[in-house]
Amino acid sequence: AQSVTQLGSHVSVSEGALVLLRCNYSSSVPPYLFWYVQYPNQGLQLLLKYTSAATLVKGINGFEAEFKKSETSFHLTKPSAHMSDAAEYFCAVRNNAGNMLTFGGGTRLMVKP
Amino acid sequence: EPEVTQTPSHQVTQMGQEVILRCVPISNHLYFYWYRQILGQKVEFLVSFYNNEISEKSEIFDDQFSVERPDGSNFTLKIRSTKLEDSAMYFCASSVGGADTQYFGPGTRLTVL
């Protein structure tokens, strides 16, 4: 069985500060990992994905994530937060045996001016 | 840019009533999915559908639920006799292939009274 844990249901940063959203996964087989973002009243939008190529993955809006097998982590970072980054972020895992996504609980990012 | 659409955006129903949630996946996609998110909880997989058959389903997807692709564009989720605990946001998603990125719709908020 696979699972995803996102540490911190709420994260608050100042505009211009580093954004770090944590995600740890468990999977019995090599995983595919995803970060989705949800803006208010919108659907889930893919930010980036890891599919066993490069361990450092770059996504949209300046976000990136690094796959660390030894730590079973896939943390999301952005060097400098912007007000428009305020949203809920979901980490998800899929194994190559099926196509269902298993999501973490989500982290709401707040950006202070 | 093509997107997944869902109707209605909000559905209110009485316990025991049948509801049908509608989705229009992206036109060249072949795999379709339903997920749900109960308020304050994780996004959970319900079912995936390919080639007019269910390809995978979760324990949540019991006999009360059914899915259908009634024509070339719509993908529906039916709940036969709604319960209070069915109140949730229901997300439809689609992908080109089973291993490809899933694109999500904006969701339908179902409220069962």
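Protein chains get the first letters and strands the later ones, always in sequence-line order, with residue 1 at the start of each. Just so we're clear, the structure is a prediction, and the values are computed from it rather than from any experiment. Only this structure's heavy atoms are used, side chains among them; waters, hydrogens and symmetry mates stay out.
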Inter-residue atom distance A/Tyr36.OH - B/Phe91.CZ, 0.5 Å rounding: 12.0 Å
Can you tell me how far CZ of B/Phe32 sits from CG of A/Asn99, rounded to the nearest 0.5 angstrom? 12.0 Å
Answer yes if A/Leu21 and A/Tyr50 sit in the same cluster of Ile, Leu, Val, Met, Phe, Trp and Tyr residues linked by side chain heavy atoms under 4.5 Å apart, and no otherwise. yes
Keeping B/Lys42 on the side-chain end and A/Val4 on the backbone end, is there a donor-acceptor pair under 3.5 Å? yes
Does atom CD of B/Glu85 have more than 12 heavy-atom neighbours, drawn from other residues, nucleotides or ligands, at distances under 6.0 Å? yes
Within 6.0 angstrom of A/Leu56 CG, more than 12 heavy atoms from elsewhere: yes
Could you state whether A/Tyr39 and A/Val13 fall into the same hydrophobic cluster, counting links through intermediate Ile, Leu, Val, Met, Phe, Trp or Tyr residues with side-chain heavy atoms under 4.5 angstrom apart? yes
Checking side-chain contact (heavy atoms from CB on, under 4.5 Å) for the pair A/Phe90/B/Gln37: CA distance, chi angles, key distance, verdict? CA-CA 12 Å; A/Phe90 294 93; B/Gln37 185 181 28; 3.7 Å; yes
Between B/Tyr35, B/Tyr50, B/Tyr31, which shows the greatest number of heavy-atom pairs under 4.5 Å with chain A? B/Tyr35
Considering residues, nucleotides and ligands other than B/Tyr103, do more than 12 of their heavy atoms fall under 6.0 Å from its OH? no
Does anything in residues 3-16 of chain B reach chain A? List residues with heavy atoms under 4.5 Å apart, or say none. none
Verdict with supporting geometry, B/Thr101 and A/Tyr32, side-chain contact (heavy atoms from CB on, under 4.5 Å): CA-CA 10 Å; B/Thr101 298; A/Tyr32 296 99; over 6 Å; no
Chain A contact via B/Ser55 - side chain, backbone, both or neither, heavy atoms under 4.5 Å: side chain
Test item: B/Gln102 side-chain N/O and A/Leu46 main-chain N/O as donor-acceptor pair under 3.5 Å: no
Shared hydrophobic cluster, A/Leu44 / B/Met89 (ILVMFWY, side-chain heavy atoms < 4.5 Å): yes
Can you tell me how far the CE atom of A/Met100 sits from the CG atom of B/Leu46, to the nearest 0.5 Å? 10.0 Å
Same cluster or not: are A/Phe67 and A/Phe34 linked, directly or through other Ile, Leu, Val, Met, Phe, Trp or Tyr residues, by side-chain heavy atoms under 4.5 angstrom apart? no
Shared hydrophobic cluster for B/Tyr33 and A/Phe103 (ILVMFWY, side-chain gaps under 4.5 Å): yes
What pairs with A/Ile60 under side-chain contact (heavy atoms from CB on, under 4.5 Å), at least two apart in sequence or on another chain? A/Gln45, A/Leu47
Within a reach of under 6.0 Å around CZ of B/Arg69, are more than 12 heavy atoms found that belong to other residues, nucleotides or ligands? yes
